[in-house]
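This is a predicted model, so every value here is computed, not measured. For ligands, and for the atoms within them, numbers begin at 1 and follow the listed sequence.
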Amino acid sequence: MTNKTLTRFLVEQQREQNALPGQLRLLIEIVARACKAISHSVNKGALGGMLGDLGSENVQGEVQKKLDVIANEILLEANEWGGHLAAMASEEMEAIYPTPNRFPRGEYLLLFDPIDGSSNIDVDISVGTIFSVLKAPAGAESREIDANDFMQKGATQVAAGYAIYGPQTLLVLTVGTGVYEFALDRDMGSWRMTQANITIPKNYAEFAINMSNYRHWAPPVRRYVDECLAGKDGARGKNFNMRWTASMVADVHRILKRGGIFMYPWDARKPDMPGKLRLMYEANPMAFLIEQAGGAAFDGRTRIMDVDATALHQRVGVVLGDAEEVERVVAYHREHDAQTASA
Ligand code: AHG
Ligand code: MN
Ligand code: MN
């Protein structure tokens, strides 16, 4: 535990590590400030009229919660005027949001999931905000920004992170120099570092997957989970524990702190869709954090950050966490593919 503020950490990253251009530092400060405001809204709950549905659907056909829209507005308003962004994109908006002409335009692109795990809002379980930062392609400054400018692999991200609104509000961040955690100090109104250089603890036998989809999974995923369920009596020779919060932020946070694996794989409910989670503002930022913490993130076969981006709201299968466990799931996919190819 240190007392270092987020501001000081970012200044040091800029000065000593040369990891952080000034505009990116400003961007992260502003996202963090927006997350502070979202945290306040989340905490108001029923007393502030924050709970419940809005009565609308987003572009993905999901019911929008009031807080989905409130958090989206907070992020847009906080980030549009600073001069650091060329455009934003969000789970809650079909199209990109270019920086309005009345403000100076910067070189970065910001993508976010304003509230992740929205189904948990009304039952007071942790939700979060996920964000990813890309650089606009060279030459984009002299023309209109469009969605194609966002079509970059996750490997090009320059920063990523999430805020988690749980018993404490935390910000977990990477700029490519490790993973850092900050807690919101409500008395001071500032973010204070609570952990530096987070690495995923090894050998914690915990897996996170929505078991109710078991019958829809592909054989390699069933094989992995069957072996976990067989525990000491099965191929793994040890017992596993299971957790599923239905907030990716909370599940990924647990993995960063305690180890294990998280999966939302492709399943046969929607065979043409590669998965449920979204590549650009859920899977990519989490993959960046998980890799920076020594873990791995695959879609089952391909490294998530190497998946080609073709659409803003593109879906992807997600297998992430402890590198050895993820490699095992990938190996099961390879073995299965080899068997079906030779059959
Ligand atoms: P969102 O609330 O942004 O739509 O994301 C919810 C996601 C993710 O957080 C979670 O892991 C998953 O959906 C839960 O899905 P199930 O309800 O199918 O388990
Ligand atoms: Mn989400
Ligand atoms: Mn969401």
Side-chain angles (χ1 to χ4, degrees), residues 34-35 38-39 41-42 50-54 56-76 88-94 110-132 160-166 172 206-217 221 225 242-256 260-270 273-287 289-290 297 299 304 312-321:
C35 290
I38 297 171
S39 174
S41 298
V42 169
M50 295 290 163
L51 305 187
D53 297 345
L54 195 68
S56 55
E57 285 189 352
N58 67 13
V59 54
Q60 320 185 39
E62 297 164 340
V63 173
Q64 285 183 306
K65 298 277 179 190
K66 286 183 197 163
L67 265 172
D68 286 325
V69 175
I70 291 168
N72 192 60
E73 289 296 321
I74 289 174
L75 281 157
L76 291 179
M88 293 180 254
S90 161
E91 178 190 342
E92 303 303 336
M93 302 185 300
E94 179 164 14
L110 175 65
L111 297 107
F112 45 81
D113 176 355
I115 297 283
D116 173 65
S118 329
S119 70
N120 284 322
I121 291 169
D122 297 344
V123 289
D124 203 21
I125 293 174
S126 298
V127 294
T129 298
I130 310 173
F131 66 94
S132 161
Y162 59 80
I164 178 166
Y165 314 113
V172 176
E206 215 164 53
F207 65 100
I209 191 165
N210 185 337
M211 282 295 292
S212 67
N213 296 323
Y214 183 93
R215 70 190 187 284
H216 305 297
W217 296 337
V221 175
V225 173
M242 199 203 78
R243 290 284 185 278
W244 184 252
T245 46
S247 277
M248 187 193 201
V249 163
D251 284 317
V252 167
H253 192 67
R254 189 188 57 253
I255 284 170
L256 283 177
I261 187 169
F262 167 93
M263 290 185 274
Y264 211 122
W266 169 91
D267 70 51
R269 283 173 299 170
K270 295 193 174 154
M273 253 192 208
K276 173 183 178 181
L277 299 176
R278 279 62 50 117
L279 176 68
M280 307 286 288
Y281 42 80
E282 289 178 321
N284 272 339
M286 291 311 201
L289 289 163
I290 288 285
D299 71 356
I304 284 177
L312 224 41
H313 302 288
Q314 171 179 351
R315 316 251 178 170
V316 69
V318 174
V319 179
L320 60 74

Which residues share a salt bridge (Lys or Arg N to Asp or Glu O under 4.0 Å) with E94, sequence neighbours left out: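 So E94 forms no salt bridge (Lys or Arg N to Asp or Glu O under 4.0 Å) with any residue.
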Could I get the full list of salt bridge (Lys or Arg N to Asp or Glu O under 4.0 Å) partners for D122, not counting sequence neighbours?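 Result, salt bridge (Lys or Arg N to Asp or Glu O under 4.0 Å) vs D122: K65.
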So, [X] side chain and [Y] main chain: donor-acceptor pair closer than 3.5 Å or not?
| X | Y | value |
| --- | --- | --- |
| S132 | P285 | no |
| R315 | K276 | yes |
| H313 | M93 | yes |
| S90 | E92 | yes |

Counting only heavy atoms and a distance below 4.0 Å, can you name the residues contacting ligand 1? E62, E91, D113, I115, D116, G117, S118, N210, W244, A246, S247, M248, F262, Y264, K276, L277, R278, E282
When you check the space around the Mn ion (ligand 2), which protein N, O or S atoms turn up under 2.8 Å?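 Listed by chain and number: D113 OD2, D116 OD1, E282 OE2.
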Taking C-beta and beyond as the side chain, do V318 and I304 meet within less than 4.5 Å on heavy atoms?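 Yes, side chains in contact.
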Steps toward side-chain hydrogen bond (donor to acceptor under 3.5 Å, both in side chains) verdict (E62, N58): CA-CA 6 Å; E62 297 164 340; N58 67 13; 3.1 Å; yes
Should the pair W244 and F262 be assigned to parallel (<30°), tilted (30 to 60°) or perpendicular (>60°) ring geometry? parallel
